[in-house]
Amino acid sequence: GQSLEQPSEVTAVEGAIVQINCTYQTSGFYGLSWYQQHDGGAPTFLSYNGLDGLEETGRFSSFLSRSDSYGYLLLQELQMKDSASYFCAVRDQRNAGNMLTFGGGTRLMVKP
Amino acid sequence: NAGVMQNPRHLVRRRGQEARLRCSPMKGHSHVYWYRQLPEEGLKFMVYLQKENIIDESGMPKERFSAEFPKEGPSILRIQQVVRGDSAAYFCASARDRGRETEAFFGQGTRLTVV
């Protein structure tokens with residue numbers, strides 16, 4: 001089966017950099033996605049890594065190492081509005097990579 | 001282009017009643033996924049549908065739960081004889097096609113409370 005591990009909670013201050021790690025176990029791995037979810041809101045797509053390396057989108061970057069079954073989400077220049085839950089999710093061989101299996105989420109609290 | 005629309009946003013049911021949750025995917029999207037989320041937890045996959053077909057229902061309880069995505073109209077997640085443990089947020093996501101890198105767009109969810 002699949003399993004994903006990520007820290008349950010992270011706290012950081014405005015302007016800082018924070019890294020949220022995700023390790024996974026799955027068969028037939030296709031790629032790793034990251035989603036952001038504010039309290040009471042819908043998960044929104046942040047990034048996808050299908051190959052090893054770093055993907056950068058503005059203040060957010062995501063990294064994948066397939067050999068280590070490991071990825072991370074990097075948030076720079078933290079803002080108060082970044083306080084939310086962040087989920088890593090794998091696409092694997094089930095249904096040819098068309099499904100997402102989510103980790104338990106990391107609750108990020110940004111303090112002034 | 002409206003996003004994924006779910007209704008109702010909030011639903012209260014007494015134990016033993018039926019709950020019907022609706023999801024209209026984004027225009028042009030023919031793949032629909034339903035997820036359940038308990039407070040402070042991640043999203044758990046329930047079922048994956050295409051128009052008129054259930055592709056994967058491995059995450060859906062065998063009893064009381066059913067899902068459909070008819071040729072016309074929204075996808076429906078039906079929970080019969082609800083129990084308190086069914087209280088959760090139910091999210092629907094849609095995608096355009098089967099591509100591995102195709103982004104899935106989520107609706108705002110339906111928060112079901114069973115009293």
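Throughout, protein chains are lettered first and strands after them, A, B, ... in sequence-line order, and every chain is numbered starting at 1.
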>> Let's go through B:Phe106 and A:Phe45 carefully: what are the C-alpha distance in whole Å and the side-chain angles of both, what is the deciding distance for side-chain contact (heavy atoms from CB on, under 4.5 Å) to 0.1 Å, and is it a yes or a no?
In response: CA-CA 9 Å; B:Phe106 282 81; A:Phe45 174 80; over 6 Å; no
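- Within 6.0 Å of atom CD in B:Glu63, 12 or fewer heavy atoms from other residues, nucleotides or ligands are found, so the atom counts as exposed in its surroundings.
- Within the 4.5 angstrom heavy-atom criterion, no atom of A:Gln6 approaches chain B.
- Looking at B:Glu41, only its backbone comes within 4.5 Å of chain A, counting heavy atoms on both sides.
- Counted within 6.0 Å of CZ on A:Arg107, heavy atoms from surrounding residues, nucleotides or ligands total 12 or fewer; the atom is thus considered open.
- Both A:Leu54 and A:Tyr70 sit in one connected hydrophobic cluster of ILVMFWY residues. Membership requires side-chain heavy atoms under 4.5 Å apart, directly or through other members.
- Panel note: side chain B:Tyr35, backbone A:Leu100; a donor-acceptor pair is recorded below 3.5 Å.
- Residues B:Leu38 and B:Leu112 fall into different hydrophobic clusters, defined by Ile, Leu, Val, Met, Phe, Trp and Tyr side chains chained together at heavy-atom separations under 4.5 Å.
- Under a hydrophobic clustering in which Ile, Leu, Val, Met, Phe, Trp and Tyr are joined whenever their side-chain heavy atoms come within less than 4.5 Å, directly or via other members, A:Ile20 and A:Leu78 fall into the same cluster.
- No close placement of the B:Phe45 and A:Phe102 rings is indicated, their centers lying 6.0 Å or farther apart.
- Among all heavy-atom pairs drawn from A:Ala42 and B:Gly107, the shortest one is CB-O, 2.9 Å.
- Placement of A:Leu4 and B:Met46 in two distinct hydrophobic clusters is found when ILVMFWY residues are connected by side-chain heavy-atom separations under 4.5 Å, directly or transitively.
- Only the side chain of B:Gln37 comes within less than 4.5 Å of a heavy atom in chain A; its backbone stays farther off.
- When A:Gly105, A:Pro43, A:Ser8 are compared by the number of non-hydrogen pairs under 4.5 Å with chain B, A:Pro43 comes out ahead.
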